[in-house]
Amino acid sequence: WTFGDLAGHLVGWRNRTIARLEAASHAEADPPPPWPAGLDDDDTINAWIHQQHASRPAGQLVADYDASYDRLIAVLAALPDEALTTVIDWVGEPLIDVDFTGHLHEEHVPTVRAWLDAHPR
């Protein structure tokens with residue numbers, strides 16, 4: 001994957017999380033995922049997300065991922081305090097304990113750092 005592909009992947013999953021949090025902030029049911037109903041494993045979902053963003057410029061994808069932080073902060077701020085400290089079923093822990101950048105740091109930063117180390121400037 002390129003850096004743009006990675007940004008598209010991250011923003012695809014972040015948009016899903018934000019949609020779920022927005023629904024919770026309005027006391028609405030959990031929305032369906034944006035991918036087709038038949039997709040039920042991460043690899044297939046990741047391929048679908050990749051396909052959705054394939055024609056978008058890397059700079060736009062990176063900007064969208066960057067902007068998703070502000071959207072995430074806004075939706076978390078809109079939730080009542082008790083929603084932040086109650087275990088959320090689809091998360092498995094209270095939102096106050098969630099590392100919303102964990103996937104990036106655990107799964108992708110090591111690969112990016114290895115690539116950067118292998119291609120010094």
Side-chain angles (χ1 to χ4, degrees):
W1 281 2
T2 65
F3 286 108
D5 293 336
L6 176 58
H9 163 77
L10 294 170
V11 80
W13 285 102
R14 174 70 55 81
N15 286 341
R16 168 70 169 136
T17 298
I18 291 171
R20 294 176 104 178
L21 292 171
E22 286 172 343
S25 74
H26 296 43
E28 297 172 354
D30 196 24
W35 45 82
L39 304 185
D40 58 0
D41 69 87
D42 288 349
D43 290 338
T44 306
I45 293 167
N46 287 336
W48 182 87
I49 291 170
H50 182 262
Q51 180 183 21
Q52 299 308 300
H53 296 291
S55 64
R56 298 182 61 210
Q60 186 180 50
L61 291 164
V62 171
D64 285 355
Y65 183 64
D66 184 52
S68 76
Y69 282 97
D70 290 334
R71 293 176 42 234
L72 179 62
I73 290 166
V75 73
L76 289 170
L79 290 168
D81 288 346
E82 61 271 7
L84 298 173
T85 58
T86 303
V87 174
I88 305 297
D89 290 341
W90 56 271
V91 178
E93 62 185 327
L95 293 174
I96 200 164
D97 294 332
V98 174
D99 177 359
F100 287 98
T101 62
H103 177 74
L104 166 65
H105 292 283
E106 293 165 15
E107 303 238 357
H108 299 295
V109 167
T111 304
V112 171
R113 290 212 185 277
W115 186 90
L116 290 170
D117 290 345
H119 300 87
R121 292 184 169 212

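The heavy-atom pair separating Pro31 from Ala19 by the smallest distance is CG-O, 3.7 Å. For the residue pair Trp48 and Leu39, the shortest heavy atom distance occurs at CB-CD1, 3.5 Å. Of all non-hydrogen atoms in Leu95 and Ile88, the two that sit nearest each other are CG-CG1, 3.7 Å. The heavy-atom pair separating Ile18 from Leu72 by the smallest distance is CD1-N, 3.9 Å. A pairwise comparison of heavy atoms in Arg16 and Asp30 identifies NH2-OD2, 4.1 Å as the closest pair.
Residue Asp41 qualifies as enclosed at atom CG: its count of foreign heavy atoms under 6.0 Å is above 12.
Not a single salt bridge (Lys or Arg N to Asp or Glu O under 4.0 Å) links Arg71 to another residue, sequence neighbours left out.
Judged by distance alone, with hydrogens and angles left aside, the side-chain atoms of Arg14 form a donor-acceptor pair with the main-chain N or O of Phe100 at under 3.5 Å. Proximity of a side-chain donor or acceptor of Asp64 to a complementary backbone N or O of Leu61 within less than 3.5 Å is not detected.
Applying the ring-ring contact (aromatic ring centres under 6.0 Å, His included) test to pairs two or more places apart or on separate chains, those with a residue in residues 65-87 are Tyr65-Tyr69.
In this structure, Ile73 is not a member of the same hydrophobic cluster as Leu76, with clusters built from ILVMFWY side-chain heavy atoms closer than 4.5 Å. Hydrophobic clustering, with ILVMFWY side chains joined whenever heavy atoms are under 4.5 angstrom apart, keeps Leu104 apart from Val62. Put simply, Val75 and Val11 are part of two different groups of oily side chains (I, L, V, M, F, W, Y) that touch within less than 4.5 Å, one to the next. There is no path of hydrophobic side-chain contacts, each under 4.5 Å, that joins Ile45 to Trp90. No continuous path of hydrophobic side-chain contacts links Trp115 to Trp1 [ILVMFWY only; heavy atoms under 4.5 Å].
Going from atom OG1 of Thr85 over to atom CD of Glu93 covers 13.0 Å, rounded to the nearest 0.5 Å. Here CG of Asp81 is found 8.0 Å from CD1 of Ile96. Values are rounded to the nearest 0.5 Å.
For the pair Gln52/Trp35, no side-chain contact is recorded, criterion being any heavy-atom separation below 4.5 Å from C-beta on. Looking at Ile49 and Trp13, their side chains come closer than 4.5 Å, going by heavy atoms from C-beta outward. Between Val87 and Pro94 the shortest side-chain heavy-atom distance falls below 4.5 Å.
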Check: Given the rule in the side chain to side chain donor-acceptor pair (under 3.5 Å) test, do His103 and His108 qualify, once you have shown the distances and angles that lead to the verdict?
Finding: CA-CA 7 Å; His103 177 74; His108 299 295; 2.9 Å; yes
